[in-house]
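The basis for the numbers below is simple: all heavy atoms, side chains too, and nothing from hydrogens, waters or symmetry mates. No experiment lies behind these values; they were computed from the predicted model shown.
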Amino acid sequence: LLGKAGITPGSDVIVNERTYGQVLNEAVEVPTLPGKAADAVQRVTPGAAPMHFSVAAQAKGEATQVELVPFCRVAHERYVMYWKAES
């Protein structure tokens, strides 16, 4: 989950699929997972709810925690499914 920056209530409801690319144009920095990609799973910790996890990441040069949830639970929020990893 990457937050709701730039998403006002109702702005992500698509009436015409031809205009979908015009809805969420605000740039969002996707955090980077530090360390080797193969080791990332070792840094994932259980979250507060079933099937919720968190992982240490870097965003804007700062350490942060990113919440990981099942994709089917994401609604009205920015998300990422693929991650950059440091080598």
Full working for side-chain contact (heavy atoms from CB on, under 4.5 Å) between Val66 and Leu1: CA-CA 7 Å; Val66 176; Leu1 299 175; over 6 Å; no
Atom of Ala38, atom of Val41 and distance for their closest heavy-atom approach: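 Heavy atoms of Ala38 and Val41 come nearest at O-CG1, 4.4 Å.
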Transitive ILVMFWY side-chain link Val55 to Phe53, under 4.5 Å: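 As far as the 4.5 Å side-chain criterion goes, Phe53 and Val55 are connected within one cluster.
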Partner set under ring pair (Phe, Tyr, Trp, His ring centres under 6.0 Å) for Phe71, not counting sequence neighbours: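 If we apply the ring pair (Phe, Tyr, Trp, His ring centres under 6.0 Å) test to Phe71, skipping adjacent residues, the hits are Tyr79.
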With rounding to the nearest 0.5 angstrom, report the [atom1] to [atom2] distance, [X] to [Y].
X     : Y     : atom1 : atom2 : value
Leu68 : Met81 : CG    : CE    : 12.0 Å
Lys84 : Leu33 : NZ    : CG    : 11.5 Å
Arg78 : Lys4  : CZ    : NZ    : 12.5 Å
His52 : Arg73 : NE2   : CZ    : 7.0 Å

Verdict with reasoning, Val30 to Tyr82, per side-chain contact (heavy atoms from CB on, under 4.5 Å): CA-CA 9 Å; Val30 176; Tyr82 299 94; over 6 Å; no
Minimum side-chain heavy-atom gap Val80-Pro31 below 4.5 Å: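 They are not in side-chain contact.
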Pairwise side-chain hydrogen bond (donor to acceptor under 3.5 Å, both in side chains) hits with a residue in residues 37-48, at least two apart: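 Those involving residues 37-48 are Thr45-Ser54.
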What donor-acceptor contacts under 3.5 angstrom involve side-chain atoms of residues 57-64, with partners at least two apart or in another chain?
none

